[in-house]
Amino acid sequence: MSSPLELILFMGLQASGKSTYYKREFYNTHVRINLDMLRTRHRESILFKACLEGKVRTVIDNTNLTEASRSAYILSAKAAKFVVRGYYFESKLEDCMVSNQKRTGAQRIPDLAVISSSRRMELPSYEEGFDELYFVRKAGEGEFITEKWKL
């Protein structure tokens with residue numbers, strides 16, 4: 001199923017399981033680009049460009065809440081002949097708030113940030129340029145169910 005030229009774009013609220021899913025499914029095969037680790041869009045841009053130029057399988061592990069926030073990744077990946085797969089993580093506000101409260105230190109973000117993000121979340125669509133879309137939901141601690149997108 002994986003293509004040598006593959007961009008995977010995660011979408012979902014904070015604490016919806018994106019990073020845990022990456023570690024479980026893509027850690028050994030894909031470079032992870034995550035704004036929390038890189039801290040600036042400039043650094044993220046440099047790494048993303050290097051992944052495209054180097055033809056490296058890549059996962060963008062950010063919230064990617066809106067079509068506008070996803071479009072630059074999709075357009076750049078398509079221009080580089082990458083297949084673009086989107087993974088939307090079930091983002092029930094209450095569940096994400098509970099998961100966030102279990103986090104410690106810098107991993108825990110302010111509740112207001114999660115609430116604010118939930119108001120901006122836009123569901124993805126194939127019209128954005130995705131080649132494939134998936135819906136991911138938690139099925140227990142560290143367990144997930146991944147299904148083809150049905151919307």
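Predicted, not measured: the structure shown is a model, and the values here were computed from it. For reference, positions follow the sequence shown, starting with 1.
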Using a 4.5 Å cut-off on heavy atoms from C-beta on, say whether the side chain of Arg32 contacts that of Phe10.
no

With the 4.5 Å side-chain cut-off for hydrophobic clustering, are Leu35 and Leu65 part of the same group?
no

Applying side chain to side chain contact (heavy atoms under 4.5 Å, CB included), name anything that partners Ile115, two or more places apart in sequence or on another chain.
Leu93, Met97, Arg119

Hey, could you give me the CG/OG distance between Leu112 and Ser117, rounded to the nearest 0.5 Å?
9.5 Å

Where do Arg41 and Glu44 land on the salt bridge (charged side-chain N to carboxylate O under 4.0 Å, His left out) test, with the steps shown first?
CA-CA 5 Å; Arg41 289 283 180 196; Glu44 180 192 53; 2.8 Å; yes

Have Thr20 and Lys138 got a donor and an acceptor in their side chains that come within less than 3.5 Å?
no

Donor-acceptor pair, Arg85 side chain versus Glu132 backbone, under 3.5 Å?
no

Start with the C-alpha gap between Asp131 and Lys78, add the side-chain angles, then the distance that decides, and say whether side chain to side chain contact (heavy atoms under 4.5 Å, CB included) holds.
CA-CA 10 Å; Asp131 294 294; Lys78 290 290 191 178; 2.6 Å; yes

Out of Trp149, Tyr22, Phe135, Phe26, which one pairs with Tyr87 under the ring pair (Phe, Tyr, Trp, His ring centres under 6.0 Å) rule?
Phe26

Quick one: closest heavy-atom pair of Cys96 and Val114, and the distance?
CB-CG1, 4.2 Å

List the steps, then state whether side chain to side chain contact (heavy atoms under 4.5 Å, CB included) holds for Asn62 with Asn34.
CA-CA 6 Å; Asn62 294 329; Asn34 177 273; 4.1 Å; yes

Using modelled atom types only, decide if a donor and an acceptor are shared between the side chain of Gln101 and the backbone of Val98 within a distance under 3.5 Å.
no

To the nearest 0.5 Å, what is the distance between NZ (Lys18) and CD1 (Ile60)?
13.0 Å

